[in-house]
Number of protein chains: 2
Amino acid sequence: MQNFMYKNPTKIIFGKNQITKLFEQIKPYGKNVLLVYGGGSIKKTGLYCSILEELEYFNVYELEGVEPNPRVTTAQKGANLVKEKNIDFILAVGGGSVIDCTKLISAASKYDGDAWDIVIGKHVPKEATPFGTVLTLSATASEMNAGSVITNLETKQKLGWGSPLVYPQFSILDPTLTFTLPRNQTVNGIVDMMSHICEQYFNEVENSDLHDAMMEGVLKQIMIYGPKCLENPKDYEARSIIMMAGTIALNGQLRWGFNGDWASHGLEHAVSAVFDIAHAEGLAMVMPNWMKFVMPNHVAKFKKFAINVFDVETSNKTDEEIALEGINKLQQFWQQIGAPTKLSERNINKEDIPTIVNSIARQIGNMQPLTKEDAAKIYEMSL
Amino acid sequence: MQNFMYKNPTKIIFGKNQITKLFEQIKPYGKNVLLVYGGGSIKKTGLYCSILEELEYFNVYELEGVEPNPRVTTAQKGANLVKEKNIDFILAVGGGSVIDCTKLISAASKYDGDAWDIVIGKHVPKEATPFGTVLTLSATASEMNAGSVITNLETKQKLGWGSPLVYPQFSILDPTLTFTLPRNQTVNGIVDMMSHICEQYFNEVENSDLHDAMMEGVLKQIMIYGPKCLENPKDYEARSIIMMAGTIALNGQLRWGFNGDWASHGLEHAVSAVFDIAHAEGLAMVMPNWMKFVMPNHVAKFKKFAINVFDVETSNKTDEEIALEGINKLQQFWQQIGAPTKLSERNINKEDIPTIVNSIARQIGNMQPLTKEDAAKIYEMSL
């Protein structure tokens, strides 16, 4: 167990009709609000109009069109808007991409240089414009953490960054807002939150038993209630549990005393920096193969995972066989709910591997650091 | 699932030697510090001297002698000190009692009336003196919540109260500070944190599956690592897990969307308002009998508890039998680690029950509201 500090000041406002709290939550910050959102699905669902009604009191400016892999150029545009319009508060309405982009807008709006400087660590934010979120897709937990992932198409990089200044002031989690999600987005959310837990479950410390137990429990519930959301998209209980699970999966409390491995995220970011695929799709393709690659060095932990999460029968099997069965069951679950589990399903082929490997930005892997050769092997296993 | 708001801004600073962070954490608040502690065990262990060294820069005033069931008179004394000495920051060093008392000092120091007004809800705090904690006993989670329980010997009442203003600014959790605890205090801590989880596990909503799964996991780990702390009080990993578990058990994140039953706490507070026994002792006596009393109306939930927490075998047993076996196993675990499980072990007898019932302050029980007659029956079962 490592020494750690933990502080997460985001206020969660959970349940039906909670957007009616927007006025009281935003008012203390001022009158000028920047509304940030994505491709316009909130206009189709009516959420856009409802939110504008709730924001009637404020001067609302808008930044539309945040990409699924949010670009640094979009965040820069938002930051410029905040400066020009003297924005007091930013409201992100969307999923992880919109929130991640808003975090960079928030920090870059108080910096005179280029937004990318913040992502690469050249500038450490000292100040940030406060923001809140209305979550429309459960997946990344960006609604209750201080991390953000940004893509730079120029440098072909997709990098994570964070600052304690970019915790949302509040996040509204209304499960009914996820009723109308396209099926594949619900699937991606499920894969994403499960992958976050797996990244933390396989970690760099010897004993994480307390948090392992919680993670095992959350994973099992996601595998029960995720499919229920797919069967009946308007199942309020199921959507609620998935929404809470997504937030809990990466709000920091599941990793007290360790960081987790995070190599699969590094591997995936390299893929989606080059190919514009959904983050969760990349994870479903890469993570089980990362597991198979590192498992022989961490058999006991993967065996525990297999038994406690997937109830793998142990009789007459070697530890490695038990461990492998758990990994296969994870991969099968993702396949069953409809996630792509091979790079080739998105037309990514053997000849693309060197380009992908080249875009791996940083040293990856905390439980087991990976070389570029290791990465190439895992991509090959994922074809 | 109910709508809810959740915000917990306390900073957790966990690990060895973290008291060296006191200076940097307190400095922003000012120079005048009130140090609040209990019966002086921190003087025996040397912690008192170490803390004074860390606080060398500050003007330190002291309030010693906070009782195990902290009295409103002590909190009033502390509040008066804060006003007289222009205290900028309060530092609580101790377990739940010291921290609970500090919370009332914090709120009452900004109020001209009687501190008891705050406990009974006659005055709602608008302001509070900021405070931090150094935890020396894992049990109540008061180090990361905004609740407090205060005893009034005059009115023979022991009441809980809370305010979002009394979250600690920070809490230092150094497992080595619990190495020297007397055995019975470690036992009491284990019972207390387990009882907090049980109070939330048995709750008023139909579906709390996600949080149930986490609670089951935490309970199981407490039952693994609690005994390890008793066997080897200097087992850092075991002390760490118990310390984190105690905080997680009642920092609010295990009860997103519900409150929990809390009748056993109401029943226990009535006992220790009249008899000056340790809170956890009262819980160990009363809670299993509360469970037996309400179980027939909630068989499915108690069956789940028995199977998921205690691995009770189900073949050839009725649901009630399975449920009862789980309750018995909880009671046996508490007995095995040395907790008293009968009121008579503390010389509380049948003739005392009417007095105890009379001191039940409020309507108790959210999953199943209890009448005073119900309470009397549960006390009788606990003799």
Region of [X] that comes under 4.5 Å of a non-hydrogen atom in chain B:
| X | result |
| --- | --- |
| A:F170 | neither |
| A:N308 | neither |
| A:T247 | side chain |
| A:Y167 | neither |
| A:E216 | neither |

Between [options], which shows the greatest number of heavy-atom pairs under 4.5 Å with chain A?
| options | value |
| --- | --- |
| B:I224, B:L173, B:I13 | B:I13 |
| B:M5, B:Q2, B:K21, B:Q18 | B:M5 |
| B:N17, B:I248, B:N8, B:D212 | B:I248 |
| B:K220, B:K7, B:H211 | B:K7 |

- Query: If you check every heavy atom in residues 185-210 of chain A against those of chain B, which residues fall under 4.5 Å?
  - Reply: A:N207, A:D209, A:L210

- Message: Which residues in residues 136-145 of chain A have any heavy atom closer than 4.5 Å to a heavy atom of chain B?
- Response: A:M144

- Message: Counting heavy-atom pairs under 4.5 Å with chain B, which one of A:T10, A:I12, A:I222 comes out on top?
- Response: A:I12

- When heavy-atom pairs shorter than 4.5 Å are enumerated against chain B, which of A:G257, A:S240, A:A213 gives the highest number? A:A213

- Query: Does CG in A:N232 sit with more than 12 non-hydrogen atoms of other residues, nucleotides or ligands closer than 6.0 Å?
  - Reply: yes

- Item | Whether over 12 other heavy atoms sit under 6.0 Å from B:K228 NZ | no

- Query: Can you name the nearest heavy-atom pair linking B:F4 to A:M244, along with the distance?
  - Reply: CE2-SD, 4.0 Å

- Item | Inter-residue atom distance B:M215.CE - A:M214.CE, 0.5 Å rounding | 12.0 Å

- For the atom pair CZ (B:F14) and CH2 (A:W256), what is the distance rounded to the nearest 0.5 Å? 8.5 Å

- Query: Would you say the side-chain atoms of B:N3 pair up with the backbone N or O of A:K16, donor to acceptor, closer than 3.5 Å?
  - Reply: yes

- Task: Classify the side-chain pair A:N251/B:Q253 by whether it contains a donor and acceptor separated by less than 3.5 Å.
- Result: yes

